[in-house]
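Reading through the structure tokens given below for one structure.
What you are looking at is a predicted structure, and each value in this text was computed from that prediction instead of being measured. Letters go in sequence order (proteins before strands), and every chain restarts at 1.
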Amino acid sequence: MIDLEPSYNHQEYESKWYQNSLKHNYFKAVVDPQKKPFTILMPPPNVTSQLHMGHGLGYSIQDLLTRWKRMKGLNACWLPGTDHAGIATQMMVEKELEKEGLTRKGLGREKFFQRLSDWKDKYGGMILDQFKTMGFSCDWDRLAYTMDPKLSEAVRYVFVELFREGLIYRGERLVNWDTVLQTAISDDEVETIEVSGSLYFYRYPIEGTDEFIPIATTRPETMLGDTAVAVNAADERFQHLIGKQVRLPFVDRLIPVIADDYVKSEFGTGAVKITPAHDPNDFDIGKRHQLPFINVMTDSGTMADNTPTPFRGMDRFQARKEVIKQLKALSLFDEEKPYKTTIPHSERSKTVIEPRLSHQWFVSMKELAEPAAAAARDGKLQFHPETWKKTYLYWLDNIQDWCISRQLWWGHRIPIWYCSDCQGITTGLTDPSVCEHCQSNKIVQDEDVLDTWFSSWLWPLSPFGWPAQKNEVQDLTYFNPTDVLVTAPEIIFLWVARMVMANLKFKGDLPFKHVYFNATVCDKQGRKFSKTLGNGIDPLEVVNKYGADAVRFTAISLAPLGGRVRMDVGDFENGARFVNKIWNAARFMFQHLQPDQKLPELNKLSLTLAEKWLIHRLRESAERVNQHLENFRVNDAVEELHHFIWGAFCDWGLECAKTDLVSDVAADKIRALSVLVYVLEGALRLAHPVMPFVSEELWSKLPAHPDWGPRAASLCIARFPEAFEIPSFAEEAIQWKSVQEIISGIRSVRAQMGLPPKQELPAHIRVDPFLTEVVKSAEDWIKRLGRADSVKSGVDIKRPGQSLTAIGRGFEVFLPVHGLIDIAKERARLQSEVQRIQKIVGGLKSKLDNENFVARAPEDVLEQTRSQKQNLEEQLLALSQNIKALED
RNA sequence: GGGGAUUUAGCUCAGCUGGUUAGAGCAUCUGCCUUACAAGCAGAGGGUCGGGGGUUCGAAUCCCUCAAUCCCCACCA
């Protein structure tokens, strides 16, 4: 016998097996032209982040797919890495500095950068150790980091290349300015939030008349930067004012009244103040009409020096109040109306975005976007679920240029040098010492760094050695295009689409064939997990409590493709119970096994009906699991596994085998063991990609079965079961289902009639001819599982007086009770059964009476309906006879 | 304002291109310590498939419409 503790203790095995896999390099993938690669790029978590359930789910799915393909003999490469996450990381360190009373600017660029590097070395990568406790089978030798020298080189290369092609340009634009972080952020890092604000109404005096032009605005403070008032040319109220001048209060500037179609006469007053330097629409109008652009705010969102007192130096929101107050003092203010509007906020600092005119670097996107869109349209790039394709295409078809400069210090510094002599711009793969235009050495590097996504969009390329030329390039051509990208839908634009563009641009093909969007993890109320709500589940906590296998299994089984998954800590108990169930199933078998047990091949045995069914059932499961995984239906795959192991293997397979396992007949025992070991091994192989630890531990103890061929050194690299290699017993599987129906029927009747479990009854089973052999051979099982002290079966079995009855297709079971039960109760039970079936038969009958149905329904449907009706009518007849017989 | 998604048992969800009596897990109820697992076993109850209309012999499934919830995109001052 092989000894196992009564319950599975994950702490004892997880680390052991993980270390074992590392030691033997099972997760390592090296280029091998003989083997087909299977590659997954890990979406690099922020280097300073902690594992959360979103990772837990997404990466468990990636590991499931990776391990599955690895077992299928592919050269599986799951590439891990981290992202330097410019803004997020810099914010963390700045907060630290704040506690020490320091500031970034006080520290200076170099020292600050050093601080960040130290921080990264100290806290960065903790998440990677957390991945290891989850059992993720990444190729750790390939660990990449977006600021690695190799990867930074790729960033530099791409910048220079795109610059030389004219796809990177410097422009003065309105950018989303974060006044707290004092940097421009991309549109994709802005979230618009609906707020209840006000719409303010006031007037500007028309110069040279005593007329006024009424204005409505949500942002009065920007009036200090107004350079025009716009009306619609068709608006009769204001036509006579077009071309006139307005005297702007406080600043005393004369600005024109202009006509522009943008203005909608019905909104507000029909006249709009134009502040080209502080509003995107006004910016466009300003360009159209060659208006001046006056920036009236500082980097931190206070009113700039070019504004008059008392506004100068005021915070923008305070200035708003002050402007109103002053307008009132001039009797120019009319009213304030409550107004709901959407205001852009910074995702990072949560502050209100200030549109701000500034010099930034941009990537011209149209040319890059077109092939990326085409790839999805052609179906070469596939999304799962497919509905995201539309979103992806919509974005690409309406693409805006990408602002890639960030006023941060943490990141890749923009490789641009400005010459103060000739104003020329110099770039290059190495840092220049002189201006390439005038050879002056008075050049200074741009202060800004690149957007983090400007390095992560190269993730399919740079970790494989691109653009270097040597042997690493083999990695690139071997592993890229990768197979599937598993990520969150939130970053479809920020990351997914851009990787597609970069790979197409620089390598000429797609970075991946499939994009799988995993579910968003929410709490039971359907709210997203978030730090501020504190409603998240810490994966490490649950791993500690339930084990990595349980967490992985639970997370995956709960998560449908896309959509959202509602999760609760208690859910993980299900996973733990399942893991324990497997453990105990094995434990039970191990009691009857020797460590070096020799087991006969299946085809040398004369298998029982139940055994054939069980093997066939394994075959079905192998087929389904593979199929589900092919289709990225990971939760279905895992569900199937659960069904098979619990519902089929344990509840029926092991139960039926029990008598054989303790049998004195050696042949019966060894036969039963051979089947069970064979099937358990198959189950463990199927389970391994989801539950690597418990499966490996049990597998290592399980004696080898000849039908699975030579043993691999580890379950990690054992063959994943394919349906075709498992014997097929389709006919027996169907026959066994009748036996199951008989047993379930008996159990159900007994339970409903409240018979004490210890009370055994003889079972008399009348069977239709097609089932006689089957039922005959199953008498022992029926006896044991149906709690019968004896079983008689045959075509001509008669009802033995007062009996309970269980009826099904092709059989009628009688359990003589002789006054043990309440006859009235049994009659009622049978009558309700009669009613239930009558209702169904009634439905079938009316269908068949419908001429149209008979005329138009396909033959097989018709046939099915007829045979079903006949079958149920037979049951009805039997039932009514039984009710009558109860009176005897 | 545009686009997308969801709505099936008390809860979380399956039900693919329309065709057996709409399923599973959890929860509930009943009975069981039956020689692995009480983290277990056996059994049971529970749904007019969001409302309304339509197409069809036949609709949870296809079409229209309404409602609710959610997400994404968008410059209406």
On a whole-Å scale, what distance lies between the [atom1] atoms belonging to [N] and [M]?
N      : M      : atom1 : answer
B/rU7  : B/rC13 : P     : 9 Å
B/rG3  : B/rA44 : P     : 50 Å
B/rA24 : B/rU8  : C1'   : 13 Å
B/rC63 : B/rG2  : C1'   : 23 Å

Within the structure, does a side-chain N or O atom of A/Q868 lie under 4.0 Å from either OP1 or OP2 of B/rU21?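 Looking at the OP1 and OP2 atoms of B/rU21, one of them is under 4.0 Å from a side-chain N or O of A/Q868.
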For B/rC13, take OP1 and OP2 only and decide whether either is under 4.0 Å from a side-chain N or O of A/R566.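 Yes, because at least one side-chain N or O of A/R566 sits under 4.0 Å from OP1 or OP2 of B/rC13.
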Does A/W652 have A/R747 sitting over its ring (NZ/CZ under 6.0 Å from centre, angle to axis within 45°)?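 Yes.
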Nucleotides 4-9 of chain B: which of its N/O atoms have a protein N/O under 3.5 Å away?
from	atom 1	to	atom 2	distance (Å)
B/rG4	O2'	A/T387	OG1	3.2

Assign a letter to each nucleotide of nucleotides 43-49 of chain B from its 5' end: B, base within under 4.0 Å of a protein heavy atom; S, sugar-phosphate only; -, no contact. SS-----
Take nucleotides 26-39 of chain B nucleotide by nucleotide from the 5' end and write B, S or -, depending on whether a protein heavy atom sits under 4.0 Å from the base, only from the sugar-phosphate, or from neither. S----S--B-BB-B
Examine the side chains of A/S621 and A/R617 and answer whether a donor and an acceptor come within less than 3.5 Å of each other.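 A pair is found: one side chain offers a donor N or O, the other an acceptor, under 3.5 Å apart.
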Which residue lies more 5' along RNA chain B, comparing A/N871 with A/N852 via nearest heavy atoms: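 Comparing both residues, the 5'-ward one is A/N871.
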Among B/rA77, B/rU21, B/rG25, find the nucleotide with the atom closest to the side chain of A/E639.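 Selected nucleotide (nearest to the side chain): B/rG25.
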